[in-house]
Amino acid sequence: PTIALPCADALTVLPEYGVELPDETVEALRIETPEEVRVLLVLQHWNDAERMMLSTRGPIIVNTRTGLAQQLIV
């Protein structure tokens, strides 16, 4: 209960954000269609509004159909 990883939906907060998924990620997460992919960005310094930022270099890719997820380093 004392550990949190606040995230934001990438397309909601940065509509122009995009990431190309490696074939290995698509296979590992069993992604079949683009519609089942959700991209989350980790909030850094979320407890300090003046320093808060999104980690666009480490998106978390979620397959909404299977629940499988993986963080990418881009």
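Computation of the quantities below employed the complete heavy-atom set of this structure, encompassing side-chain atoms and omitting hydrogens, waters and symmetry-equivalent molecules. The structure displayed is predicted, hence computed values, not measured ones.
The salt bridge (Lys or Arg N to Asp or Glu O under 4.0 Å) contacts involving residues 22-35 comprise E32-R65, where partners must be two or more places apart or lie in separate chains.
The structure places CD1 of I31 at 7.5 Å from OG1 of T66, a figure rounded to the nearest 0.5 Å.
A donor-acceptor pair is defined here as one N or O able to donate and one able to accept, closer than 3.5 Å; such a pair exists between the side chain of Q71 and the backbone of G58. Side chain of S55 to backbone of L41: no donor-acceptor contact under 3.5 angstrom is found.
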Next item on the list: Report the C-alpha separation of V37 and L29 in whole Å, then their side-chain angles, then the decisive distance to 0.1 Å, and conclude whether the side-chain contact (heavy atoms from CB on, under 4.5 Å) test is met.
Entry: CA-CA 9 Å; V37 175; L29 299 182; over 6 Å; no
In residues 8-20, what donor-acceptor pairs under 3.5 Å come from side-chain atoms, sequence neighbours left out?
{"unit_1": "D9", "atom_1": "OD1", "unit_2": "L11", "atom_2": "N", "d": "3.2"}
{"unit_1": "D9", "atom_1": "OD1", "unit_2": "T12", "atom_2": "N", "d": "3.1"}
{"unit_1": "D9", "atom_1": "OD1", "unit_2": "T12", "atom_2": "OG1", "d": "3.0"}
{"unit_1": "D9", "atom_1": "OD2", "unit_2": "R38", "atom_2": "NE", "d": "2.9"}
{"unit_1": "Y17", "atom_1": "OH", "unit_2": "T56", "atom_2": "O", "d": "2.8"}

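The hydrophobic cluster around I60 extends to L5, L40, V42, V62, counting ILVMFWY residues whose side-chain heavy atoms fall within less than 4.5 Å of a member.
For Q70, the side-chain hydrogen bond (donor to acceptor under 3.5 Å, both in side chains) partners are T25, not counting sequence neighbours.
Heavy-atom minimum distance, A28 versus L68: O-CD1, 3.7 Å.
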